[in-house]
There are 2 protein chains.
Amino acid sequence: MQEELDDRKKRILHAVIRNYLETGEPVGSRTISKYTDLNLSSATIRNEMSDLEEMGYIIQPHTSAGRIPTDRAYRLYVDSMMEEKDREIEELKGMLLRTEDKMDKVLKNVANLLATNTNYATVVSAPQIRGNRLKFLQLSKVDESQILAVIVMEGNVIRNEIIHVDEPISDENMLKLNILINTHLNGLALEEINLGMITALKEQAGIHSSIVGNVIDALAMAIKGEEDLEVYTSGANNILKYPELADKQKASELIQTFEEKKALAKLATDKLAEEGNTGIQVYIGDEAPIDSMKDCSMVTATYELEEGMRGSIAIIGPKRMDYDKVVSSLKTMMKELERIYKKE
Amino acid sequence: MQEELDDRKKRILHAVIRNYLETGEPVGSRTISKYTDLNLSSATIRNEMSDLEEMGYIIQPHTSAGRIPTDRAYRLYVDSMMEEKDREIEELKGMLLRTEDKMDKVLKNVANLLATNTNYATVVSAPQIRGNRLKFLQLSKVDESQILAVIVMEGNVIRNEIIHVDEPISDENMLKLNILINTHLNGLALEEINLGMITALKEQAGIHSSIVGNVIDALAMAIKGEEDLEVYTSGANNILKYPELADKQKASELIQTFEEKKALAKLATDKLAEEGNTGIQVYIGDEAPIDSMKDCSMVTATYELEEGMRGSIAIIGPKRMDYDKVVSSLKTMMKELERIYKKE
DNA sequence: ATTAGCACTCAGTTTATTAGAGTGCTAACA
DNA sequence: TGTTAGCACTCTAATAAACTGAGTGCTAAT
């Protein structure tokens with residue numbers, strides 16, 4: 001049952017898959033017999049298809065219907081396809097050219113573009129910066145009771161936090177505090193800041209030691225806040241366009257998964273990191289550990305802006321999605337993103 | 001045809017509406033006859049209903065079906081309901097208590113809470129700050145070729161922009177630039193910064209005049225960026241739960257409207273501002289100028305944190321939404337938001 | 001090994017039938 | 001005069017029955 005497919009079987013299977021991708025209907029032997037250049041009668045095809053079914057590549061939804069590909073067939077198809085040359089999708093490139101925008105806008109844009117262009121749903125997650133280092137930290141007085149802490153990390157990720165203080169602080173002390181904190185903490189990653197350092201800092205800060213505590217808290221908050229990553233989605237409505245997903249119950253669940261985003265983004269990001277894989281990953285049906293997605297496929301790509309700053313893009317559609325186009329689109333987007341942000 | 005409804009007609013109409021809200025099915029005379037405490041036979045009810053139909057408050061989807069309320073009836077119902085006392089929804093309050101979070105998280109939270117609690121879709125837009133003034137502007141050197149501009153506006157709205165510079169700038173000059181810009185621009189609204197001022201500033205900045213230009217641009221960008229407002233949505237999947245909205249074509253359009261957000265937020269924000277209305281607004285069917293929403297109702301509320309800082313919350317559901325509950329929920333949320341952010 | 005031919009299967013569509021909810025109208029009633 | 005009981009009528013929705021056609025599996029011939 002596990003033996004290799006001979007060439008003819010492969011061609012027939014491919015024909016079945018391609019045809020099903022287009023129509024969404026089960027394909028019969030007669031169709032294949034005409035559709036391919038194999039010049040075989042439908043009867044022959046039937047025999048072959050019968051074999052293929054036994055091997056688990058195709059199934060009949062019911063006796064006397066055509067065959068549809070199983071997840072296994074898709075897997076084979078995708079794998080063989082991945083090796084082929086990249087077909088570029090030029091139009092996308094042009095549309096993204098409004099460079100220099102802020103990252104979040106560009107990412108939103110990416111999500112939208114891909115969704116409208118492919119007619120599937122998309123998820124784009126912003127680069128993660130775990131393990132990132134503090135570049136500098138700037139404290140400014142907002143008013144008598146509030147201090148603004150601007151935190152700049154490597155990769156120019158910027159956060160601000162407002163700190164409340166009980167006693168007013170003089171401009172001079174403010175300056176000292178700034179210098180004190182920066183000389184001690186710059187260049188450190190969050191994990192490297194230990195209790196000893198904090199205590200030492202507080203001692204040196206004298207009367208304003210409580211502020212130091214607040215600043216550290218803010219710092220922790222800011223970096224932590226960064227960790228539960230930002231995610232942009234688009235094209236959820238596309239899901240309803242594919243009858244096999246548009247069942248009310250299921251569609252509702254899927255859209256909900258979509259709104260919650262987190263799980264999706266994690267999936268897209270995690271797997272890729274763990275395999276050191278910088279390329280493209282395809283999950284078909286149950287391969288993704290999300291229940292509501294068992295009738296979908298998901299294609300993910302990772303982009304890397306700097307060492308460690310990785311984000312991901314994912315496209316979700318029916319199992320019979322146009323893998324070819326999706327993969328090309330993703331590749332294009334990845335490259336564009338890296339081109340825009342990699343250096344500068 | 002426009003004459004007043006007598007009391008009995010009103011009660012019957014109310015009964016029809018309430019019943020339809022619950023069941024989503026057309027309601028017949030017999031049901032009303034039993035459901036109400038009017039002690040009237042179905043025949044009498046029929047006569048009255050016939051009148052109500054003539055007056056345009058109810059219609060039959062087809063001969064020999066019960067009646068369903070028209071938009072006009074809902075309007076009447078909502079108007080009369082609005083005057084009634086507020087029934088509080090306590091549970092919501094508790095859940096929002098995680099104060100002190102950042103605004104965007106709280107707003108997202110509000111959207112989620114309302115969506116899960118009401119089973120409708122929600123839109124929350126962050127406060128707008130048009131016409132807001134600059135509190136101060138802090139420039140810091142990130143590295144040789146980049147400057148970070150932190151812009152703090154009234155209401156502690158904070159933006160940052162990275163500015164690229166060609167020639168390195170000394171710490172001393174940086175300080176001067178900071179002072180120069182702040183002394184000239186603090187307290188001004190964007191509209192008040194004119195070309196003359198910019199020219200004067202540039203002159204005084206000497207060799208770093210180009211940076212001043214960049215800073216002004218960044219300022220403009222930041223404030224402008226703030227204007228195309230942030231919007232959080234949740235519960236889009238709920239739409240599929242109501243058969244009258246779950247038609248694939250329509251649902252898809254609705255969800256798309258939902259993803260685009262902007263139009264919705266504008267609607268929620270604009271109308272309320274224009275009428276100086278601080279309360280709650282209800283759009284039934286065509287009353288909202290968005291095509292995809294003609295089968296929905298939308299209830300909006302505005303919250304005001306400080307003078308001019310207003311945002312809105314909207315709930316979208318089928319026409320037969322539970323207006324009563326929705327209105328209470330919105331009121332609760334408004335109050336909570338104002339409580340959390342109003343002073344501090 | 002391939003193919004033509006035929007009997008068989010079964011989802012999906014069409015058509016007919018029925019059941020039930022609801023109405024409008026009339027006539028009786030208080 | 002307003003209310004009600006009763007009945008004929010209408011129309012949807014549900015159910016059943018009949019039909020269609022795509023597609024298969026198997027057998028026998030090439």
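Just so it is clear, the values below take in all heavy atoms, side chains as well, and ignore hydrogens, waters and symmetry mates.
For C:dT9, its base sits under 3.5 Å from the side chain of A:Ser64 at one donor and acceptor pair at least. On a pure distance criterion of 3.5 Å, no polar donor-acceptor pair joins the side chain of B:Arg67 and the base of C:dG24. In this model, no side-chain donor or acceptor of A:Arg30 finds a partner on the base of D:dG23 within 3.5 Å. Within 3.5 Å, no donor on the side chain of B:Thr44 pairs with an acceptor on the base of D:dT3, nor the reverse.
Distance, A:Asn19 CG to D:dA22 C1': 14 Å, rounded to whole Å. One atom, CD of B:Glu48, and another, P of D:dT4, lie 11 Å apart when rounded to the nearest Å. Whole-Å rounding puts the B:Asn47 CG to D:dT4 C1' distance at 10 Å. A:Glu25 has its CD atom 12 Å from the C1' atom of C:dA11, to the nearest Å. To the nearest angstrom, C1' of D:dT12 lies 5 Å from NE2 of B:His62. As a whole-Å value, the separation of B:Ile32 CD1 from C:dT23 C1' is 14 Å. Nucleotide D:dG25 holds its C1' atom 15 Å from the CD1 atom of A:Ile45, rounded to whole Å. The nearest whole Å value for the distance from the CD1 atom in B:Ile59 to the P atom in C:dG22 is 16 Å.
Mapping A:Arg46 and B:Leu40 onto DNA chain D by nearest heavy atom places B:Leu40 at the nucleotide closer to the 5' end. Toward the 5' end of DNA chain D, the nearer of the two residues B:Arg8 and A:Ser29, judged by each one's closest nucleotide, is B:Arg8.
The local environment of NZ in A:Lys294 is crowded, with over 12 non-hydrogen atoms from other residues, nucleotides or ligands closer than 6.0 Å. No more than 12 heavy atoms of other residues, nucleotides or ligands lie within 6.0 Å of CG in B:Asn39, so this atom counts as exposed by the packing criterion. For CZ of A:Arg75, the number of neighbouring non-hydrogen atoms (other residues, nucleotides, ligands) closer than 6.0 Å is greater than 12.
As judged by a 4.0 angstrom heavy-atom cut-off over every strand, A:Ser42 is placed among residues making no nucleic acid contact. The residue B:Ala65 sits close only to the backbone: its heavy atoms come under 4.0 Å of sugar-phosphate atoms, none of a base.
The side chain of A:Ser50 places no N or O atom within less than 4.0 Å of a non-bridging phosphate oxygen (OP1 or OP2) of D:dT24. The side chain of A:Thr63 contributes an N or O atom lying less than 4.0 Å from OP1 or OP2 of C:dC10.
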| request: Step by step, work out the salt bridge (Lys or Arg N to Asp or Glu O under 4.0 Å) result for B:Lys9 and B:Asp6. | output: CA-CA 5 Å; B:Lys9 283 200 172 54; B:Asp6 62 35; 3.8 Å; yes
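Relative to the side chain of A:Gln60, the nucleotides D:dG23, D:dT24, C:dT3 differ in distance, and D:dT24 lies closest.
The closest side-chain donor-acceptor pair between B:Thr118 and B:Ser329, if any, does not fall under 3.5 angstrom.
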